[in-house]
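The structure appears right after this line, and notes come after that.
This chain uses plain numbering: 1 for the first residue, then up along the sequence.
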Amino acid sequence: ILWCIFKEFNFLVYIISSMNFFNISYSFLNIEKRIYFLFFNITIFLFLLSRPFIDALYKYKWNNYTYETGSFALIAIGISLVGLLIGQIIKEKLNKNNKAKECFLDIEEFSNKYFIKNMRLVSLIIYIFCLVFNLMTGMEKIIFIQNNTYLDYYIEYSSKLPVFVKGISTMMPAALVIYLATMPNKKKAIIPLGLYLFSALPNLIVGSRGAISEALIFVFLYFFLRDNINKILEKSNGISKEKWITKLMKKFIFISVPVIILIFSAYNYSRFGIEKENNMNPIVDFAYSQGVSFTVVTRGYKAIPYLPDIENKNYTFGPFIDYVTRGTPAQILFGVEGLGASNSIVRATEGNNFNAALSYYLYGARYLQGHGAGSSYIIELYADYGFMGIAIFSILLGMLFGSIGNEISSKWFKNVILLRVLMDVFIIPRGSALSWLTFFIAPQFWVPVICCWIGAKILSKKNGIAIKI
C-alpha cells in the first residue's frame with residue numbers, strides 16, 4: 001500500500017526482499033520438512049533479487065531495467081514468493097506424520113529385497129559405463145579450451161565426438177538416480193556421488209560453474225534426505241541408525257560455503273582474462289553477478305509484444321510442444337522439419353523456446369553467433385498466463401517442495417522420479433519453467449530405466465539370488 005502511494009522503487013525492493021527473507025526464516029523453523037523450500041528461496045534471491053537489492057542498498061545506477069520494468073519484475077517475484085509459501089503450508093497440512101513414518105519403515109525392508117539389490121548392481125554398472133563416456137565429453141571440452149578462451153567456448157564450441165558417445169554420456173544422471181533410489185547405505189553411496197561431482201569438474205575448468213553448483217546442491221540434499229529418514233526411523237523404533245550428516249560434516253559445510261563463493265567470484269573474472277574493477281567485496285560481487293536473471297525478466301516484459309508469432313506460442317510447455325511437433329519422432333513419422341541448432345532462426349521464430357525468441361529479438365545477428373539472453377520461469381509464465389499463471393504454478397511448486405521428503409517410499413520408480421526432479425528444479429529462476437520435467441520425454445532417461453528393470457528381473461529369477469553390492 002505504501003509503495004502504491006509513494007511509488008518508491010527501492011521501497012518495493014525491500015518489501016519483496018523481506019518476503020523472500022521471511023520464507024527463508026520460515027524454512028529454518030522446521031528445516032526437516034522445508035529444506036527444499038529453503039533452497040528454492042535461496043536461488044530466487046541469488047538469481048532474481050540479488051541485483052535490485054544490492055542496487056538499492058548501495059545506491060547503484062540501474063542497469064538494464066527502468067522503474068516500470070523493475071517494478072513489474074518485483075511484483076511478479078513477490079506473487080511467486082507468496083504462492084510458494086501457500087503451497088508449502090497447504091502440503092504440510094495435508095501430510096500425515098504417521099503415513100510418512102510407515103513409508104520410511106518400509107524403506108529398510110525395501111532396500112534389502114532381492115530385486116532392489118539386483119537393481120542396485122545393474123544401475124551401478126550402467127552408471128559407471130555412462131560416466132566413462134561423460135568424462136570423454138568433458139575431456140573434449142578441456143582440450144578445446146587449451147587453445148581458446150571461455151568466450152570462444154561459449155560461442156563456437158561444438159562436440160566432434162560420435163553421436164553415440166554423447167548419447168550414452170547423457171544417460172549418466174538417470175543411472176545415478178536409479179542407483180540412489182534403491183536406498184544404498186552411506187558407504188555405498190559416497191563413491192558414486194563423489195564421481196558425480198568429479199564429472200562436473202570439466203565444465204568448471206572450461207568456465208561454466210552451473211554443473212558443479214547443481215551437483216553440490218543435489219549431493220547435499222540427498223545426504224539430508226537420507227539423514228532425515230534415519231532420524232524418523234530412530235524415533236519410531238528406538239534403534240540407532242547411521243548418520244549421513246555428522247557434526248564434522250556440518251563444520252566442513254559451514255567453512256566451505258564461503259570459500260566456494262570466494263573462488264566462484266574470482267573465477268567470474270579469471271575465465272574472461274580480466275580484472276575486477278568494482279569495489280564490492282567478493283561475496284557481494286558474486287551475488288550481484290548471479291542476479292542477471294532479474295534483467296531477463298525486465299527485458300522480457302518489454303519484449304513480449306514483439307516476439308515472433310506470440311499469439312500462437314506457449315513458452316511454459318514449450319519443451320514438450322517442440323518435441324512432440326518438431327522433435328525426432330515427429331520428423332521420422334510425419335516428415336516435419338526440425339527446429340535446427342540451438343541458436344537458429346527457425347527455433348527463435350517457429351519454436352516455443354522463450355530464450356531463443358528473446359535472444360533473437362534482443363541480439364539479432366549476435367544470437368546466430370551463439371549469444372543468448374536466458375530465461376526464467378517468472379517471465380515464461382507471465383507471457384503465457386499472466387500473474388495468475390505465476391501464482392498457480394508457484395502454489396503447485398510449493399506443494400511439491402512440501403511433498404518430496406514425505407513421498408520417498410518403497411516404490412523404486414517413484415523414488416527415481418523424485419530424485420531426478422531434485423537435480424534440476426532449483427535452477428528454474430534462471431531457466432525454463434518446466435525444464436526440470438523434460439526428462440519424461442527423453443530417451444536418455446527411459447533407456448537406463450528399462451535396462452535396469454530388465455537386468456534386475458533377469459538376475460532375480462535366477463533362484464532368487466542377489467549379488468551383494
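When all heavy atoms of Asp424 and Glu214 are compared, the closest pair comes out as OD1-OE1, 4.1 Å. Smallest separation of non-hydrogen atoms from Ile428 and Phe40: CG1-CE1, 3.6 Å. Shortest non-hydrogen contact noted between Val346 and Glu337 is CG2-OE2, 4.2 Å.
Looking at heavy atoms from C-beta onward, Leu400 lies in side-chain contact with Trp436 at the 4.5 angstrom threshold. Proximity of Thr325 to Val336: side-chain heavy atoms (C-beta onward) are nowhere separated by under 4.5 Å. Taking 4.5 Å as the limit, some side-chain heavy atom of Phe39 sits within range of a side-chain heavy atom of Phe426. Considering only heavy atoms from C-beta on, Phe37 comes within 4.5 Å of Tyr26 through its side chain. You'll find the side chain of Leu161 stays beyond 4.5 Å of the side chain of Phe133, heavy atoms only. Using a 4.5 Å heavy-atom threshold, the side chains of Leu46 and Phe286 count as touching. At least one side-chain heavy atom of Asn415 sits under 4.5 Å from a side-chain heavy atom of Met183.
Of the possible donor and acceptor atoms, one in the side chain of Asn23 sits under 3.5 Å from a partner among the backbone N and O of Leu81. Ser50 places a side-chain N or O within donor-acceptor distance of the main-chain N or O of Ala287, the cut-off being under 3.5 Å. When atom types are taken as modelled, the side chain of Glu32 and the backbone of Asn228 share no donor-acceptor pair closer than 3.5 angstrom. Without hydrogens or angle criteria, Asp227 side chain to Trp244 main chain gives a donor-acceptor distance under 3.5 Å. Within the 3.5 Å criterion, the main-chain N or O of Pro308 finds a donor-acceptor partner in the side chain of Lys313. Ser376 places a side-chain N or O within donor-acceptor distance of the main-chain N or O of Pro429, the cut-off being under 3.5 Å. Without hydrogens or angle criteria, Lys250 side chain to Ile245 main chain gives no donor-acceptor distance under 3.5 Å.
Phe445 and Phe440 have perpendicular rings, their planes meeting at more than 60° on a 0 to 90° scale where under 30° would count as parallel. In this structure, Phe218 and Tyr196 have perpendicular ring planes: the angle between them is above 60°, well past the 30° mark.
None of Lys117, Arg120, Lys188 except one satisfies the side-chain hydrogen bond (donor to acceptor under 3.5 Å, both in side chains) rule with Thr182; the exception is Arg120.
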List the atom pairs, donor and acceptor, that lie under 3.5 Å between side-chain atoms in residues 251-263 and the rest of the protein, sequence neighbours left out.
unit_1	atom_1	unit_2	atom_2	d
Ser256	OG	Phe252	O	2.9
Ser256	OG	Ile253	O	3.2

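In this structure, Lys457 satisfies the cation-pi test against Phe115, with its NZ or CZ atom closer than 6.0 Å to the six-membered ring centre and inside 45 degrees of the ring normal.
Around atom CE of Met249, more than 12 heavy atoms belonging to other residues, nucleotides or ligands sit under 6.0 Å away.
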**Message:** Assess the residue pair Lys243 and Asn230 against the criterion (side chain to side chain donor-acceptor pair (under 3.5 Å)); give the C-alpha distance rounded to whole Å, side-chain angles, the decisive distance to 0.1 Å, and a yes or no.
**Reply:** CA-CA 7 Å; Lys243 294 187 180 298; Asn230 283 357; over 6 Å; no
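Residues passing the salt bridge (charged side-chain N to carboxylate O under 4.0 Å, His left out) test with Asp322, sequence neighbours excluded: none. A search for side-chain contact (heavy atoms from CB on, under 4.5 Å) contacts involving Phe387 returns Phe72, Ile75, Ala76, Ile79, Tyr382, Ile390, not counting sequence neighbours.
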